[in-house]
Amino acid sequence: ITVAEFHKKIKDAFEVFDHEANNTVDVREIGTIIRSLGCCPSEGELHDLIAEVEEEEPTGYIRFEKFLPVMTEVLLERRYRPIPEDILLRAFEVLDPSKRGFLLKEELIKYMTEEGEPFSQEEMEEMLSAAIDPESNSVHYKDYIAMMVIDES
Amino acid sequence: MGCGTSSVKDTRSEQVLKAALVIQNWYRGYSTRLKARQRYALTIFQSIEYADEQGQLQLSNFFSFMLENYAHIHEKDPEIVARLFGSTIQDYKDRQDYVAFVDVPNSYNGPRLQFPLTFTDIDLLVDAFKQQQILHARYVLEVLFETKKVLKQMPNFTHVKTSPSKEITICGDLHGKLDDLLLIFYKNGLPSGSNSYIFNGDFVDRGRNSIEILMILFVSFLVYPNDLHLNRGNHEDFMMNLRYGFTKEILCKYKIHGKQILQILEDVYTWLPIGTIIDNEILVIHGGISESTDLNLLHHVERHKMKSVLMPPTPLDGDPDTNLKKKKFNATVLPREVKTSTSLSEQLTKHEWEQVITIFSASNYYEEGSNRGAYIKLSFGMAPRFFQYQVTRTTCLRPLYQRVNAIESSAIRILRERIIAQKTDLIHAFQLQDRSKSGKLSMSQWAFSMENILGLNLPWRSLSSRLVTTDTNGDIDYMSSFQDIHIQKPVKEAQSTLIETLYRYRSDLQIIFNVIDSDHSGLISVEEFRSMWKLFNSHYNIHIDDFQIDELAERMDLNKDGSIDFNEFLKAFHVVHKLDKLNKSGSGLL
């Protein structure tokens with residue numbers, strides 16, 4: 001895959017969010033653009049990337065000219081690769097040491113909102129709406145992961 | 001020992017931290033990819049809608065082309081042109097006594113209006129429509145006649161004032177979405193002497209309850225003519241209704257009196273005011289204005305002559321007046337706009353307005369979950385306030401991934417229909433690039449052809465996974481662009497290019513045939529079909545020879561009586577999605 005192809009791909013993704021058709025996007029959409037290109041930076045890594053592409057005096061907008069070279073490098077170096085399914089599964093298993101095969105709703109909420117890079121309330125509600133099995137009020141993580149993976153492919 | 005115990009604890013909490021990070025990271029990636037897919041789906045809808053609007057312009061130009069060549073055509077096909085530009089049947093339009101012949105049977109369970117109308121009739125209608133009742137044709141006709149009478153007295157622009165005790169609410173496009181109108185009334189109250197509304201056009205088409213919205217709006221207008229203001233939108237237009245569903249809705253709900261309703265409606269539309277002016281400072285107008293709009297001219301133009309955005313104003317006595325073209329109502333399709341300015345007395349160019357706001361009130365416009373709707377509240381001396389909302393079918397929203405899947409499959413579906421409509425041209429373009437005849441192209445080559453032939457500015461590379469199959473090298477099997485969908489061939493021997501062309505232009509042809517069929521019989525003669533096709537052919541630059549069309553027409557003339565049922569003719573060109581068939585056979589997944 002040539003650099004030109006990467007450029008085209010980045011341009012396509014950028015344009016979808018360029019609502020005013022003036023080669024800029026709202027800085028709040030940069031995360032979405034980067035992730036839609038298949039990368040999985042953490043919040044901290046995203047923060048750093050934004051700092052790289054922002055103007056000297058932040059305007060709230062990111063220009064394509066600044067975004068393109070930075071993003072091209074990210075793709076060429078295959079940075080922020082997505083998390084493989086088995087690593088994800090193991091992460092859930094760490095949170096479920098007694099190997100029940102599921103996490104209770106309260107447990108999931110506690111971990112996601114108190115540990116790591118905590119979820120906002122909106123993010124938490126969003127995850128719960130798809131993950132929680134209403135009858136048992138828990139998330140059977142193996143099935144959940146499998147479902148999400150199918151949905152993406 | 002002490003140290004051993006504490007180091008085990010640290011490892012555990014470190015582990016938990018790392019695990020949480022992994023899950024959060026993954027989830028955020030997944031969630032943003034979902035939102036990106038949703039954005040892509042919206043881009044598809046918008047792109048296709050834009051292309052559709054260009055198609056309308058082309059149709060409009062076609063009618064102008066006919067007008068310009070009037071004299072020339074007149075000699076060859078006088079009948080067609082007379083039908084196209086002559087007056088349509090006037091008989092029923094002004095005969096209000098016709099209404100007295102429409103009986104409301106005792107068995108009718110729907111709402112019964114009492115003239116003169118009062119606010120109780122508004123409540124009555126709202127309640128009845130909530131229960132999905134249909135208003136009897138008799139009342140529909142009466143309301144239309146009364147509305148026309150009142151609208152006729154009004155100038156092109158209504159002047160309105162706010163006061164400390166009186167706010168005005170401005171709503172944009174509703175497009176037949178009754179739920180949105182009811183939601184607005186629920187949040188903001190019904191129209192009344194102390195609760196003013198401006199509805200800025202596009203009440204109808206696309207949604208399923210255009211007539212119900214129209215009835216509520218017209219009845220409210222008749223009860224509160226000084227507090228309920230209606231501006232004409234580009235969909236308050238009998239030709240647009242043909243294309244975008246309102247005509248179908250009426251003929252479906254009103255099998256006996258539908259045609260009469262449509263004829264009167266055509267007239268009522270032309271009497272709707274062009275815009276509303278608030279406090280001499282704010283202009284509310286559908287479609288906005290352009291650099292060249294002359295407001296003074298718009299104040300004086302005879303709005304009643306503007307039958308349709310797609311057709312130039314009807315010439316008087318059959319003599320085309322060339323000046324009419326200059327006065328032509330701005331027919332471009334722009335976002336619906338509200339503008340503020342310090343003074344309206346001078347002619348202002350577009351850039352001299354202080355602020356331009358676009359308002360749109362149909363939530364879930366493209367598909368469930370696609371967008372919210374909004375309205376504006378204006379108070380005396382204050383900045384405008386915005387209110388947003390979204391209609392949901394269930395009390396709690398479905399999970400994000402389900403909503404995104406729904407909107408995405410809807411978008412991909414209509415995109416596929418566009419693709420199949422240009423199958424022959426696309427294959428040609430693909431093969432030109434496929435020198436080695438391998439059946440494969442690079443992503444770049446495929447994307448280039450798609451953009452070029454379809455004329456849709458879309459992120460093809462990002463969409464490719466939903467449209468075609470790619471091999472391990474990243475190359476695309478281009479024939480897979482056409483999998484799972486085909487156009488039904490009404491006649492086996494007909495050529496693909498012919499079928500595709502007819503499928504592509506079916507809505508334009510629908511409109512043209514309907515215009516020719518002035519007695520609304522649903523039939524046109526084979527000769528009319530032929531002459532219309534020849535004109536269409538030359539204007540749209542289509543390379544189908546007349547012989548093929550003739551052949552097709554003869555085959556479709558099932559009665560062999562020299563006339564074609566054009567609705568049946570056009571219906572025959574439809575698309576079949578293979579996956580629909582599979583799902584219908586009961587896998588029950590969707």
Side-chain angles (χ1 to χ4, degrees), chain A residues 1-2 4-5 8-9 11-17 29 31-46 80 82-83 85 87-88 90-97 108 111-119 123 126-132 141 145 147-149 151-153, chain B residues 11-44 46-47 396-405 408 442-448 451 457-466 470 473-475 589:
Chain A
I1 307 181
T2 63
E5 263 307 295
K8 236 313 185 157
K9 210 172 165 196
K11 181 162 191 287
D12 272 358
F14 193 89
E15 272 178 1
V16 171
F17 295 88
E29 310 231 66
T32 314
I33 300 175
I34 294 177
R35 286 172 173 141
S36 76
L37 287 163
C39 302
C40 291
S42 68
E43 289 291 284
E45 287 163 336
L46 188 56
Y80 317 127
I83 298 153
E85 213 178 309
I87 306 275
L88 186 57
R90 247 182 278 158
F92 273 103
E93 285 172 348
V94 164
L95 302 181
D96 175 29
L108 185 64
Y111 287 128
M112 293 295 102
T113 58
E114 292 177 20
E115 300 281 348
E117 291 171 332
F119 273 172
E123 284 173 313
E126 213 179 79
M127 184 182 194
L128 289 173
S129 72
I132 295 291
Y141 46 83
I145 294 173
M147 181 170 73
M148 298 290 115
V149 164
D151 186 54
E152 289 241 88
S153 64
Chain B
T11 313
R12 168 72 192 161
S13 73
E14 258 176 33
Q15 279 185 336
V16 165
L17 173 68
K18 284 194 183 141
L21 276 172
V22 163
I23 296 173
Q24 285 156 345
N25 184 345
W26 163 80
Y27 184 76
R28 285 182 169 124
Y30 168 74
S31 162
T32 38
R33 277 191 299 277
L34 271 183
K35 290 180 181 140
R37 278 167 57 195
Q38 186 175 35
R39 265 262 96 225
Y40 286 147
L42 280 177
T43 305
I44 292 176
Q46 285 169 339
S47 193
C396 55
L397 282 176
R398 291 188 291 171
L400 183 63
Y401 79 93
Q402 278 185 15
R403 286 181 277 141
V404 172
N405 278 342
E408 193 180 49
S442 73
M443 176 74 78
S444 201
Q445 289 171 314
W446 176 81
F448 175 75
E451 172 110 13
N457 183 17
L458 290 173
W460 294 105
R461 286 160 183 75
S462 310
L463 294 171
S464 60
S465 59
R466 309 270 167 215
T470 320
N473 294 332
D475 289 327
L589 272 177

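Throughout, protein chains are lettered first and strands after them, A, B, ... in sequence-line order, and every chain is numbered starting at 1.
- With respect to chain A, the highest number of heavy-atom pairs below 4.5 Å among B:Leu400, B:Val16, B:Thr43 belongs to B:Val16.
- Of the atoms belonging to B:Asn473, not a single heavy atom falls under 4.5 Å from chain A.
- The distance from atom CD1 of A:Ile87 to atom CG of B:Asn25, rounded to the nearest 0.5 Å, is 12.0 Å.
- In terms of the salt bridge (charged side-chain N to carboxylate O under 4.0 Å, His left out) criterion, residue partners of A:Asp12 (sequence neighbours excluded) are, by chain and number, A:Lys8, B:Arg461.
- With values rounded to the nearest 0.5 angstrom, A:Arg35 atom CZ is found 7.0 Å from B:Arg28 atom CZ.
- In plain terms, the two heavy atoms of A:Val16 and B:Arg39 that are nearest each other are O-NH1, 2.9 Å.
- Ranked by heavy-atom pairs shorter than 4.5 Å toward chain B, the options A:Pro118, A:Pro82, A:Ala131 are led by A:Pro118.
- Atom CD of A:Glu117 and atom CG of B:Leu17 lie 9.0 Å apart (nearest 0.5 Å).
- Atom CG of B:Leu21 is separated from atom CD of A:Glu43 by 10.5 Å, given to the nearest 0.5 angstrom.
- Both the backbone and the side chain of B:Ser444 come within less than 4.5 Å of a heavy atom in chain A.
- Contact count against chain B (heavy-atom pairs under 4.5 Å) is highest for A:Phe119 among A:Tyr80, A:Phe119, A:Tyr111.
- In this structure, A:Ala91 and B:Ala19 approach most closely via the heavy-atom pair O-CB, 3.4 Å.
- Separating the CD1 atom in B:Ile23 from the CG atom in A:Leu108 is a distance of 7.5 Å, to the nearest 0.5 Å.
- Contact tally against chain B (heavy-atom pairs below 4.5 Å) for A:Arg90, A:Met127, A:Lys9: the top residue is A:Met127.
- Annotation: maximal heavy-atom pairing with chain B below 4.5 Å, among A:Leu128, A:Leu37, A:Ile83, occurs at A:Ile83.
- Counting only distance, with no hydrogens or angles, the side chain of B:Gln24 and the backbone of A:Glu115 share a donor-acceptor pair below 3.5 Å.
- Applying the side chain to side chain donor-acceptor pair (under 3.5 Å) rule to A:Glu126 yields the partners B:Tyr27, B:Ser31, B:Lys35; only residues at least two apart in sequence or on another chain are considered.
- Ranked by non-hydrogen atom pairs under 4.5 Å with chain B, the options A:Pro41, A:Ala4, A:Gly38 are led by A:Pro41.
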